[in-house]
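Only heavy atoms go into these numbers, but all of them, side chains included; no hydrogens, no water, no symmetry mates. The sequence lines fix the lettering, A, B, ..., with proteins before strands; numbering per chain opens at 1.
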Protein chains: 2
Amino acid sequence: MTRQRAAVSEALDRLDDFRSAQQIHDVMRQGGDTIGLATVYRTLQALADHGDVDVLRTEDGESHYRRCERDEHHHHLVCRGCGRTIEIDGPTVESWANTVGAAHGFTGIEHTIELFGTCADCAAAAAARAGD
Amino acid sequence: MTRQRAAVSEALDRLDDFRSAQQIHDVMRQGGDTIGLATVYRTLQALADHGDVDVLRTEDGESHYRRCERDEHHHHLVCRGCGRTIEIDGPTVESWANTVGAAHGFTGIEHTIELFGTCADCAAAAAARAGD
DNA sequence: GGGCTAATTGATAATGAATGTCAAAACCGT
DNA sequence: ACGGTTTTGACATTCATTATCAATTAGCCC
Ligand SMILES: [Zn+2]
Ligand SMILES: [Zn+2]
Ligand SMILES: [Zn+2]
Ligand SMILES: [Zn+2]
């Protein structure tokens, strides 16, 4: 464990939503940390491999990282407006994925499931903006 | 409708699995078509916007395109070995996505669902390779 | 602590998919 | 065929991510 890895881990604890490696690097620099961008990339990937952070591929192909509350397998409901993220588990979809995979003779099924929408706050803000 | 767009559409008809824009461009060139890479990118994106082709973001961030049999909303079960793709519909997951989104006050729910696995042929090939 | 070796760091260069540029070519209604 | 509009495509550019590799650091034994 190095000073830099500990710093990335702490930064992730402070941040709530999914952030790109570059955003995390910026935040750390702003907070006084001395760390290189390459190290942030490497550390985040290592954390992701170990399952310590979750990765979300954004619509434009960037990888965003987030330390999640629960360690168990789960999915995400992300607000398109503010990025607020809610952790979701769906026992039904888990078994559905395996069942439908097996039905077609596939083994070693993995799945990618993410939900996107507009949260109540952002919807209210949009309505206020339209109504003034 | 231009000669190039028609050619891309025909190429997509001939190809079965998800291919990248560059792979499609290569195949077309090999087949004697004269077309620029930028045009292939533009055409594929336009087709994707119109819902005429499906897009799959691969693990390394590339966009792969495929003309699907059915026009209606559906998802994919993709073999990690050979790329064979099966179209899936899951009424349960569709309603699940909307329900869980609404339960958290989210509106305008969209979802990303993809299944990956090893098809029976690829599993058999792997077993034969291990057992010789 | 001091020294030693292997792992890590980080400034920089390199990669590569995707997009922007813009003059030339193709399209289409007349 | 003609002229205005759209499309094309070779090329340059962007930008996230990865590779490089000398300098630094961590971990460990004495
Ligand atoms: Zn929001
Ligand atoms: Zn799941
Ligand atoms: Zn297969
Ligand atoms: Zn669906």
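- A salt bridge between A:R57 and A:E62 is absent, with no side-chain N of the basic residue lying under 4.0 Å from a carboxylate O of the acidic one.
- Between the side chains of B:D54 and B:H74, at least one donor-acceptor pair of N or O atoms lies under 3.5 Å.
- Among the protein residues, B:T43 comes within range of no part of the nucleic acid, since none of its heavy atoms lies under 4.0 Å from any strand.
- When distances run from any side-chain atom of A:Q45 to the nucleotides C:dG20, D:dT18, D:dT7, the shortest one goes to D:dT18.
- Checking B:H25 against B:R5, the closest nucleotide of DNA chain D that is more toward the 5' end is the one next to B:R5.
- The side chain of B:T2 has C:dC27 as its nearest neighbour among D:dT20, C:dC27, D:dT17.
- Contact annotation: B:S20 does not reach the phosphate of C:dA17 (side-chain N/O to OP1 or OP2, under 4.0 Å).
- The pair B:E10-B:R67 does not count as a salt bridge, with every side-chain nitrogen at least 4.0 angstrom from each carboxylate oxygen.
- Counting non-hydrogen atoms under 4.0 angstrom, B:T34 reaches the backbone sugars and phosphates but no base.
- Contact annotation for B:Q23: no contact, since no heavy-atom pair falls under 4.0 Å across all strands.
- Side-chain polar atoms of A:D89 and A:H75 form no donor-acceptor pair below 3.5 angstrom.
- Using a 30° and 60° split on the angle between ring planes, B:H111 and B:H73 fall in the perpendicular class, above 60°.
- As judged by a 4.0 angstrom heavy-atom cut-off over every strand, B:T39 is placed among the base-contacting residues.
- Residue A:S63 places none of its side-chain N or O atoms closer than 4.0 Å to OP1 or OP2 of D:dA16.
- Judged by atom type and distance alone, B:R42 does not reach the base of C:dG20 through any side-chain donor-acceptor pair under 3.5 Å.
- The side chain of B:Y41 sits closest to C:dA17 out of C:dC27, C:dA17, C:dT9.
- A sub-4.0 Å separation between OP1 or OP2 of D:dT25 and a side-chain N or O of A:Q4 is absent.
- At a threshold of 4.0 angstrom between heavy atoms, the contacts of B:L37 with the nucleic acid are absent.
- The side chain of B:A38 has D:dA10 as its nearest neighbour among D:dA10, C:dT8, C:dA17.
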